[in-house]
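Read through the structure below, which is laid out as structure tokens, and then see the notes.
Atoms within a ligand are numbered from 1 in the order they appear, just like the ligands themselves. Numbers for residues simply follow the sequence, beginning at 1.
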Amino acid sequence: MVVLVKIRHRARQMPNNKYFIITAALLIAWLGMVSTSAAELQPLALRCEYRVNPEGIDTLEPRLTWQVASPQRGARQTACQILVASSDQLLEKNHGDLWDTHKIAGGQTINVPYAGQTLVSREQCFWKVRVWNEQGKPSAWSKPARWSMGLLGPTDWQAHYISFQDTTPLWTNASQLYLPPAHQYRKEFTSSHRIKRATLFATALGIYELSLNGQPVGDDRFAPGWTDYHQSAYYHTYDVTGLIRQGGNALGAWVADGWYSGYLGFGLLTGIGTERIGRFTYGKTPAFMAQLEIEYHDGTQTTISTDPSWKETGGGPIRQADFLMGEYYDARQEMSGWSQPGFDDSQWQPAVLAADNGSVPATFYEFENPASPTNAPQISGHPVDLGFQRPPRLEAFPGVPVRPAQELDAVAITSPTNGIYIFNLGQNFAGVARLKVKGAAGTVIRLRYGEMLYPDGQLMTENLRKARATDFYVLRGDPHGETYTPRFTYHGFQYVEVTGYPGKPDKRAIKGIVLQSDTPMASGFACSDPLASRLFKNIVWTQRANFIDLPTDCPQRDERFGWMGDAQIYVHCATLNADVAAFYTKWLRQVMEAQRASGTFPGYCPFPFQHGWNFGTAWCDAGVICPWTLWQAYGDKRIIEHCWPFMTKFMDWRKGNSRNFLGLAQGNDWGDWLSFGQKTPLDYIDTVYFAKTAHLMSQMAAALGKDQEAAEYSQLFANIKAAFDERYLRPDGSLTVDTQTAYALALEMDLIPGELRLKSGRVLAEKIKSSETADTSGMTTGFLGTRPLLPVLTSVEENDLAIKQFQSRKFPSWGYEVEQGATTIWEHWDSFTKDHGFGGVNGQQNASMNSFAHYSFGAVGEWMLNDLGGIQSDGPGYDKIILHPHPPTPARDFGHPPITWVKTHYDSIHGRIESNWSLKGRHFKLDTTIPANTTATVYLPTSSEKNVTESGLPLARIQHAKFIRLDNGCAILAVESGKYAFESQLAQ
Ligand code: BGC
């Protein structure tokens with residue numbers, strides 16, 4: 001109806017345009033059709049285990065997900081039919097020989113578990129779905145999608161782990177780096193018949209890259225990913241049908257140390273791990289295993305697998321290959337055609353079975369918890385064998401690979417010293433540089449990486465600590481020029497310092513190659529304050545820089561660990577920014593794998609070695625908070641089911657250690673890490689996190705149908721809350737622990753009884769306001785307190801203060817950091833200041849502990865989307881949505897021009913949710929999209945529902961948006977899916 005009105009109006013302006021009239025008539029006819037047509041609800045975006053057409057699934061019940069879309073309001077799926085076939089031809093004929101659900105009633109589109117014929121190793125599964133709309137009409141079939149099964153049992157593997165014969169003595173010298181070459185492996189084979197399909201399965205202890213007949217196999221980096229190799233490893237599956245040819249073929253692999261045996265974390269810095277040298281954490285010699293299976297059209301098949309018939313060399317161009325230290329690439333040692341048939345490998349050696357390198361006794365040093373909690377942990381050594389051990393579990397990689405995601409051009413070149421050029425790539429990120437150069441053979445070029453420059457223009461590398469972060473390239477002297485991109489390392493940087501370049505380089509000599517786990521972006525944010533729009537970009541860049549196989553703390557210095565505190569602080573924000581479902585599915589397995597015998601979760605996962613205690617409050621709790629958050633974001637019950645026994649064991653540890661339902665004052669004392677001027681005691685924080693985890697456990701138990709456990713955890717939460725109130729809460733709503741973080745945490749975790757909530761909120765607000773000075777924002781919170789601060793302020797009717805803090809440019813604040821030039825989120829608010837450089841605002845900062853890509857303070861992104869933009873899930877999985885934008889009160893003083901509009905969206909698992917609002921005086925507008933098959937509760941600020949219109953019509957005339965009630969200055973509406981343009985008037 002609305003469309004017709006608009007067309008008539010435009011037609012009046014163009015009466016003579018016959019094409020317009022014809023088009024309009026067609027459009028009207030089409031609209032008439034879709035309004036009654038069954039095709040109006042379209043199933044699309046088919047995924048299996050969160051991925052598009054994944055290869056190598058090893059669960060027997062892969063979960064299928066799709067979205068439904070419709071141009072109409074109120075569109076709902078009322079039934080669906082899934083077909084899974086063993087060939088695309090059968091699927092085309094609508095014959096689901098593996099699974100035909102027939103028509104099943106219901107609106108389920110998320111994680112529907114496969115329940116057809118039992119799936120077997122290597123099975124090819126082709127699937128599609130059709131859906132019925134609310135009028136009971138079926139849609140057309142979706143486009144077909146597929147998945148393949150991996151190798152489900154150990155007997156499917158004929159391949160053996162192979163290595164080079166390693167005769168080097170175990171390096172034990174911590175004062176000198178030991179950087180061995182990457183090794184190349186190759187195997188020629190003949191493919192005799194016409195090829196139907198070829199699949200390659202590969203894994204390594206170390207990291208690998210494959211090539212077939214000289215072509216790269218995929219563009220993954222750092223496969224197979226970091227696990228505790230003593231417990232498990234992943235294999236990856238590649239469809240290589242297009243790379244094999246009938247006749248002679250060759251398969252090649254590069255294998256480097258990676259996490260398995262390269263320099264790892266702060267091992268070298270702190271003198272822990274194998275022989276206290278920082279490397280050989282899991283073993284001494286990398287090993288590789290691959291199995292290539294070729295099926296022919298005539299029904300026969302060949303398998304090529306790793307065994308001692310393969311050849312290997314350590315004499316190739318990659319002389320050094322280390323995550324932290326970088327690569328040394330001597331192009332003069334390239335062996336052209338090495339992964340093609342016919343290459344002369346007579347100088348190469350036979351590979352050996354990895355086990356044949358024998359045992360390698362060594363001493364492994366790490367901290368141990370003290371016998372008495374009042375003592376500090378001490379380092380002690382225990383004997384280990386660094387020889388090959390087959391990982392007990394070999395599993396299909398459940399995550400998303402690290403890939404090159406973007407290329408960045410240099411924006412400037414400077415030369416602080418003769419012959420040294422610094423390329424500014426305009427953005428801090430993680431990845432590598434691509435070097436382009438022409439020059440004489442043997443010329444050595446050095447690339448050093450840094451996030452910042454000193455005022456004199458020199459590269460700042462103090463904050464890299466023991467990470468050498470340097471790549472070398474030795475030219476082969478190609479007169480046409482040569483290009484080099486490191487393979488087995490990455491760095492966190494914005495600047496590349498180039499030394500030894502022949503002549504004067506131009507900007508094309510260096511490009512930035514952004515590497516990240518392939519987690520598609522899921523949100524957008526812009527608002528009338530350009531600084532906030534830049535902040536959003538900084539948050540996203542920091543997430544990308546740290547989502548490299550696992551959620552790391554930082555990409556530049558010698559850590560790059562999956563720090564659990566940072567992870568639990570940021571995980572919700574991460575789910576808003578990108579589709580991270582498969583990414584966290586992978587990492588959470590490593591979290592569960594890292595659980596300590598006591599039941600606690602350690603400070604970082606994987607947990608290659610213990611530093612300090614093996615737990616710290618709010619860090620260990622990531623083991624419960626992260627699975628819960630994934631369930632909430634994606635409605636994923638399997639993940640909480642998988643983690644359930646581990647989480648229960650953890651809660652048993654918590655219960656066993658707590659006295660009178662209060663928290664512990666021991667363990668790693670990170671607490672409200674990097675708080676500014678106010679320390680919140682550890683036992684207070686621990687009590688709050690004990691309460692939080694008990695609360696989340698009760699919700700997860702209920703979702704899993706564990707009613708008794710749900711009741712027990714709910715009672716536990718009530719007991720902790722009562723103990724908390726008795727110990728910390730005064731009758732006036734103030735707390736005996738007088739820090740902003742104490743209030744933010746207690747309010748966020750619902751530890752203040754309802755009647756005192758607003759009072760406590762007011763105390764918190766007053767604390768912030770009274771701490772503000774001409775130069776400081778008034779915020780004193782650290783990692784733990786900052787995340788809930790703005791959401792809590794908004795929830796206790798202090799939204800204007802939340803907005804003021806958000807827009808502040810005073811120290812400490814997000815705005816301050818952006819004004820100091822940040823392009824990512826920094827570890828410290830003042831990691832760099834225009835006035836004091838790297839010394840921080842007080843000149844005391846430790847420049848070596850100063851990352852420029854640390855995501856914790858970026859968790860404010862959740863307030864930006866959830867509260868300011870107002871997009872929230874109402875329960876797990878965005879089946880029900882809350883749209884509750886929180887504009888500023890007109891005419892208040894925010895210290896900066898108040899935010900007058902926000903444009904934000906979130907690509908939920910059901911599809912895109914949009915919230916675009918603007919405020920002119922007291923006139924509020926909200927343009928929104930609610931995805932098909934979901935409903936939303938929409939909050940519009942107004943004094944009366946009579947002021948509310950949708951597309952210019954009063955609410956009473958809107959079929960799909962119903963007024964429910966007025967509450968706290970908002971009209972609350974129940975809205976069905978579709979696009980809406982609401983308007984309202986704010987109260988005077
Ligand atoms: C990391 C942090 C981490 C912390 C523990 C640091 O070195 O970078 O982000 O959470 O250690 O306090």
Testing Leu745, Asp683, Thr680 one by one against Val737 for a side chain to side chain contact (heavy atoms under 4.5 Å, CB included), which residue passes?
Thr680

Considering only heavy atoms, which protein residues lie less than 4.0 Å from any atom of ligand 1?
Asp553, Arg557, Glu559, Trp563, Asp566, Trp619, Trp670, Trp673, Phe783, Glu827, Met849, His854

Closest approach of Gln406 and Trp541, non-hydrogen atoms and distance?
OE1-CH2, 3.7 Å

Side-chain heavy atoms of Met651 within contact of Phe690, under 4.5 Å
yes

Closest non-hydrogen contact found for Phe650 with Thr693 is CE2-CG2, 4.3 Å

Compare all side-chain heavy atoms of Val571 with those of Pro551 and state whether any distance is below 4.5 angstrom.
no

Would a 4.5 Å heavy-atom cut-off, applied to side chains only, mark Met452 and Ser831 as touching?
no

